[in-house]
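Throughout, numbering of the chain's residues begins at 1 and tracks the sequence.
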Amino acid sequence: VFYQPIVNHLRQIVAVEALLRWRRLDGSVLLPEVFLPVAEETGLIRELGLWTLDAACAQLASWKATGLHPGRVAVNVSALQFRDQRLPQVLRTALQTYDIQPGELELELTESTLMSDTEAAQATVAALRELGVALAIDDFGTGYSALNYLRNFPVDLVKIDRAFVRHIPFNEQDRLLL
């Protein structure tokens, strides 16, 4: 797991995002777009997701024990992991095991994960909100892209896909998004 700092306008670290990478024997790094589809196809994504969540919680606990506190730790959750009814209990156990306050953990979900079965997704989101875990929609704009759907899901953060904002400095029409 690699940790990418998230900084505010003052360049202060306010959070970190746990990013899963696969280090090969030769030391090179395999990016997620290469290995995650295989993990999803084989069903190993659940175990990989649980391992990542546990590793991120353990790292946060380690940082806190040494006096460091990077703020919130964001962890991506796959659609299969999100649909697993045991997710709230797994999170509750991780929070207790590592003595993490719920607000110190953020789960990142894609909009397609939330929209695939909205009734079940709403129930899972409600259970996660009850735990106090922060929720973010990652890569908003790559799926359904309907702001109206956000009303159904009380999330803390919406991360707009970079395709929508990449050209803002260079393209007048893209600046209209602001």
Engineer: Excluding sequence neighbours, so at least two apart, what forms salt bridge (Lys or Arg N to Asp or Glu O under 4.0 Å) with R86?
Structural biologist: D84

Engineer: Testing the basics here: between A18 and V75, what is the closest heavy-atom pair and its distance to 0.1 Å?
Structural biologist: CB-CG2, 4.2 Å

Engineer: Compare every heavy atom of F35 with every heavy atom of L30, then report the nearest pair and how far apart it is.
Structural biologist: O-CE2, 3.3 Å

Engineer: Checking D54 now: which residues fulfil salt bridge (Lys or Arg N to Asp or Glu O under 4.0 Å) with it, not counting sequence neighbours?
Structural biologist: none

Engineer: To the nearest 0.5 Å, tell me how far L19 CG sits from Q4 CD.
Structural biologist: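 The CD atom of Q4 is 5.0 Å from CG of L19, to the nearest 0.5 Å.
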
Engineer: Shortest non-hydrogen contact from Q85 to P88?
Structural biologist: O-CD, 3.5 Å

Engineer: If you apply the rule side-chain contact (heavy atoms from CB on, under 4.5 Å), what do you find for L91 with L107, and how did you get there?
Structural biologist: CA-CA 10 Å; L91 287 168; L107 300 183; 3.4 Å; yes

Engineer: Kindly write out the residues that satisfy salt bridge (Lys or Arg N to Asp or Glu O under 4.0 Å) with R46, not counting sequence neighbours, or none if the list is empty.
Structural biologist: none

Engineer: What residues form a ring pair (Phe, Tyr, Trp, His ring centres under 6.0 Å) with F2, not counting sequence neighbours?
Structural biologist: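 F2: no ring pair (Phe, Tyr, Trp, His ring centres under 6.0 Å) contacts found.
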
Engineer: Could you go through L105 and L95, starting from their C-alpha distance and side-chain angles, then the distance that decides it, and tell me whether this counts as side-chain contact (heavy atoms from CB on, under 4.5 Å)?
Structural biologist: CA-CA 9 Å; L105 184 64; L95 294 171; 4.1 Å; yes

Engineer: So which atom in A74 and which in E108 form the shortest heavy-atom distance, rounded to 0.1 Å?
Structural biologist: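 In terms of heavy atoms, the two residues are closest at CB-OE2, 3.5 Å.
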
Engineer: Could you list the residues that satisfy side-chain hydrogen bond (donor to acceptor under 3.5 Å, both in side chains) with T93, not counting sequence neighbours?
Structural biologist: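 Testing T93 for side-chain hydrogen bond (donor to acceptor under 3.5 Å, both in side chains), a comparison that skips the adjacent residues, returns Q89.
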
Engineer: For residues 124-137, which side-chain N or O atoms pair as donor and acceptor with protein atoms under 3.5 Å away, sequence neighbours left out?
Structural biologist:
from: T124; atom 1: OG1; to: A120; atom 2: O; distance (Å): 3.2
from: R129; atom 1: NE; to: P154; atom 2: O; distance (Å): 3.4
from: R129; atom 1: NH1; to: D156; atom 2: OD1; distance (Å): 3.4
from: R129; atom 1: NH1; to: D156; atom 2: OD2; distance (Å): 2.5

Engineer: Do you reckon V34 sits in the same ILVMFWY cluster as V1, going by side-chain contacts under 4.5 Å, direct or chained?
Structural biologist: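 Yes, same cluster.
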
Engineer: According to a hydrophobic-cluster definition based on side-chain heavy atoms being under 4.5 Å apart (Ile, Leu, Val, Met, Phe, Trp, Tyr only), do L31 and L20 belong together?
Structural biologist: no

Engineer: Could you go step by step and tell me if V7 and V14 meet the side-chain contact (heavy atoms from CB on, under 4.5 Å) rule?
Structural biologist: CA-CA 6 Å; V7 297; V14 295; 6.0 Å; no

Engineer: Sequence neighbours excluded, which residues qualify as side-chain contact (heavy atoms from CB on, under 4.5 Å) partners of P5?
Structural biologist: I13

Engineer: What is the minimum heavy-atom distance between L60 and P70, and which atoms define it?
Structural biologist: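 Answer, listing the atom of L60 first, then P70: CD1-CD, 4.0 Å.
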
Engineer: Which heavy-atom pair separates I100 from K64 by the least distance, and what is that distance?
Structural biologist: CA-NZ, 4.1 Å

Engineer: Under 3.5 Å, which donor-acceptor pairs link side chains of residues 22-29 to any protein atom two or more places apart or in another chain?
Structural biologist:
from: R23; atom 1: NH1; to: G27; atom 2: O; distance (Å): 3.2
from: D26; atom 1: OD1; to: S28; atom 2: N; distance (Å): 2.8
from: D26; atom 1: OD1; to: S28; atom 2: OG; distance (Å): 2.6

Engineer: Which residues pass the side-chain hydrogen bond (donor to acceptor under 3.5 Å, both in side chains) test with Q12, sequence neighbours left out?
Structural biologist: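 Only N8 meet the side-chain hydrogen bond (donor to acceptor under 3.5 Å, both in side chains) criterion with Q12.
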
Engineer: Can any side-chain N or O of S62 pair as donor or acceptor with the backbone N or O of A58 at less than 3.5 Å?
Structural biologist: no

Engineer: Among pairs that include at least one residue of residues 65-75, which meet salt bridge (charged side-chain N to carboxylate O under 4.0 Å, His left out), considering only residues two or more places apart or in two chains?
Structural biologist: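 Output for this query lists R72-E106.
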
Engineer: Report the distance from atom CD of Q81 to atom CG of L53, rounding to the nearest 0.5 Å.
Structural biologist: 6.5 Å

Engineer: Honestly curious: do L68 and Y98 fall in one hydrophobic cluster under the side-chain, below-4.5 Å linking rule?
Structural biologist: yes

Engineer: CG of N76 to OG1 of T52: how many Å apart, nearest 0.5 Å?
Structural biologist: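 These two atoms lie 9.0 Å from each other.
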
Engineer: Q101: which residues meet the side-chain contact (heavy atoms from CB on, under 4.5 Å) condition with it, sequence neighbours left out?
Structural biologist: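 Applying side-chain contact (heavy atoms from CB on, under 4.5 Å) to Q101 gives D99, E104.
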
Engineer: Nearest 0.5 Å, what's the CG-OG distance between L50 and S78?
Structural biologist: 9.0 Å

Engineer: Does Y3 have any ring pair (Phe, Tyr, Trp, His ring centres under 6.0 Å) partners at least two apart in sequence or in another chain, and if so, which?
Structural biologist: W63

